[in-house]
Amino acid sequence: MADTTKPARKSSPVKNGYLILYNAVSATLWLAVLGRVVGANVTSGPLLVYPAVGEFCKWTQTLAGMEILHSLLGVVRAPFLTTFMQVFSRYAIVWGVTDLFPELARGRGAGDTYSSIAYSSMLGAWAITEVIRYSYFALTLTSGKPPAALHWLRYHTFFILYPVGISSEAYLIWRAVEPAKEFNPLYSTVLLGYVVLVYPPAAYIMYTHMMAQRRKVLRAAKGQEKKSS
């Protein structure tokens with residue numbers, strides 16, 4: 001997800017405290033999601049991940065809608081478009097796919113073993129990404145500089161996690177096209193158009209944005225090292 005919780009400028013104590021709390025709570029919630037995903041897979045397999053964490057993850061992700069407001073109101077320094085795209089794409093999954101067609105995540109009915117695996121891999125990628133991101137910002141806001149290991153994870157793990165997450169999302173949307181025909185034929189067409197026409201360019205925009213963020217941060221780090229040497 002985009003850098004949606006970085007302060008726009010020197011924060012007031014109230015705003016800084018709010019952002020620390022928001023990031024800390026979000027990191028804790030996503031850590032709980034990750035724990036449930038891992039626990040369900042270890043004890044019961046991917047078919048039972050949705051019953052274990054589906055509803056909890058839906059509301060945890062819904063909380064991220066605050067980040068659109070943060071960007072819109074200037075609470076954080078984050079591009080509104082990329083923030084909206086990232087949050088909306090996840091809303092589309094948790095509200096528009098798995099909430100309407102839970103059999104996909106359960107691997108039943110219109111779903112299959114692959115769709116339940118895709119659901120698990122998607123939540124795993126989301127959760128790891130968000131635990132790292134929210135922890136990074138909470139510690140940055142608290143101490144001014146996160147641990148070096150967390151900094152490395154923040155700007156390297158997306159190389160693997162983003163493709164895993166986006167491909168899992170796309171597979172679930174693709175599998176939702178058929179059951180959506182019974183729900184609403186127009187909605188089925190919308191899902192098909194979304195996964196075929198919207199997802200590829202949106203994924204490219206988000207991935208290149210994260211690459212640009214990474215280059216910017218690493219370039220600034222190198223500049224600071226040269227000044228200090």
Side-chain angles (χ1 to χ4, degrees), residues 1 4 22-68 84-135 157-158 160-184 187-188 190-192 194-195 198-199 202-203 206:
M1 186 176 273
T4 57
Y22 173 81
N23 283 287
V25 169
S26 297
T28 302
L29 291 173
W30 280 107
L31 184 60
V33 171
L34 181 60
R36 292 189 184 191
V37 171
V38 173
N41 272 285
V42 170
T43 59
S44 308
L47 296 177
L48 294 181
V49 168
Y50 183 81
V53 72
E55 193 70 11
F56 184 82
C57 180
K58 181 179 72 174
W59 291 109
T60 296
Q61 180 54 50
T62 299
L63 177 64
M66 292 296 297
E67 296 178 17
I68 296 177
F84 177 82
M85 286 172 58
Q86 183 68 52
V87 174
F88 176 81
S89 68
R90 293 204 182 168
Y91 271 29
I93 294 291
V94 298
W95 286 101
V97 175
T98 56
D99 192 56
L100 291 177
F101 315 109
E103 67 270 17
L104 295 175
R106 293 173 180 265
R108 301 173 182 172
D112 58 13
T113 301
Y114 295 112
S115 63
S116 65
I117 293 174
Y119 183 71
S120 288
S121 61
M122 177 186 74
L123 293 196
W126 287 5
I128 294 171
T129 298
E130 301 299 40
V131 169
I132 293 171
R133 183 173 72 97
Y134 286 121
S135 299
T157 53
F158 77 88
I160 296 174
L161 295 176
Y162 189 77
V164 170
I166 200 73
S167 59
S168 300
E169 294 170 24
Y171 184 75
L172 288 170
I173 298 172
W174 177 262
R175 291 306 301 257
V177 170
E178 193 61 33
K181 291 179 181 178
E182 299 180 10
F183 173 75
N184 186 311
Y187 188 57
S188 176
V190 169
L191 287 178
L192 180 61
Y194 183 52
V195 73
V198 177
Y199 239 65
M206 288 304 305

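Note that the coordinates shown come from a computational prediction; the quantities given were computed from them, not determined experimentally.
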Which pairs would a plain distance check flag for residues 27-34, meaning a side-chain donor or acceptor within less than 3.5 Å of a matching protein atom at least two apart in sequence or in another chain?
from : atom 1 : to  : atom 2 : distance (Å)
T28  : OG1    : A24 : O      : 2.9

**OP:** Would you confirm whether S167, through its side chain, and V164, through its main-chain N or O, come within 3.5 Å as a donor-acceptor pair?
**Re:** yes
Subject >> Given W126, Y50, Y171, the one that forms ring-ring contact (aromatic ring centres under 6.0 Å, His included) with Y119 >> reply: Y50
Original post:
Between W174 and S115, is any pair of side-chain heavy atoms under 4.5 Å apart?
Top reply: no
Subject >> Name of the residue among L48, N41, V38 meeting side chain to side chain contact (heavy atoms under 4.5 Å, CB included) with S120 >> reply: N41
Subject >> A40 versus A52, closest heavy-atom pair with distance >> reply: CB-CB, 4.0 Å
Original post:
So do the side chains of S26 and Y22 get within less than 4.5 Å of each other, counting heavy atoms only?
Top reply: yes
Original post:
With a 4.0 Å cut-off, would you call R133 and E67 a salt bridge?
Top reply: yes
Subject >> Closest heavy-atom pair and its distance - Y194, S89 >> reply: OH-CA, 3.5 Å
Side-chain donor-acceptor contacts of residues 94-108 below 3.5 Å, not counting sequence neighbours, with atom names and distances?
from : atom 1 : to  : atom 2 : distance (Å)
W95  : NE1    : T62 : OG1    : 3.0
T98  : OG1    : I93 : O      : 3.2
D99  : OD1    : K58 : NZ     : 3.1

**OP:** State, with a plain yes or no, whether a side-chain heavy atom of T157 is found less than 4.5 Å away from one of I128.
**Re:** no
Original post:
If you measure from CE on M206 to CE on M85, what distance do you get to the nearest 0.5 Å?
Top reply: 6.0 Å
Subject >> Minimum-distance pair of heavy atoms, taken over all atoms of A125 and L161 >> reply: CB-O, 3.6 Å
**OP:** Determine the minimum heavy-atom distance between A170 and V195, stating which atoms define it.
**Re:** O-CG2, 3.5 Å
Original post:
Looking at G165 and M122, what are the two nearest heavy atoms and their distance?
Top reply: O-CG, 4.3 Å
**OP:** Quick one: which residue pairs count as a salt bridge (Lys or Arg N to Asp or Glu O under 4.0 Å) with a foot in residues 175-184, not counting sequence neighbours?
**Re:** D112-R175, E178-K181
**OP:** Check the pair F84 / F88 against ring-ring contact (aromatic ring centres under 6.0 Å, His included), numbers first and verdict last.
**Re:** CA-CA 6 Å; F84 177 82; F88 176 81; 5.8 Å; yes
Original post:
Above 12 or not: heavy atoms from other molecules or residues under 6.0 Å from OH of Y114?
Top reply: no
**OP:** Kindly check if the number of other-residue, nucleotide or ligand heavy atoms within 6.0 Å of CD1 (I160) is above 12?
**Re:** no
Original post:
Nearest heavy-atom pair of Y187 and A180: which atoms, and what distance?
Top reply: CD2-CB, 4.0 Å
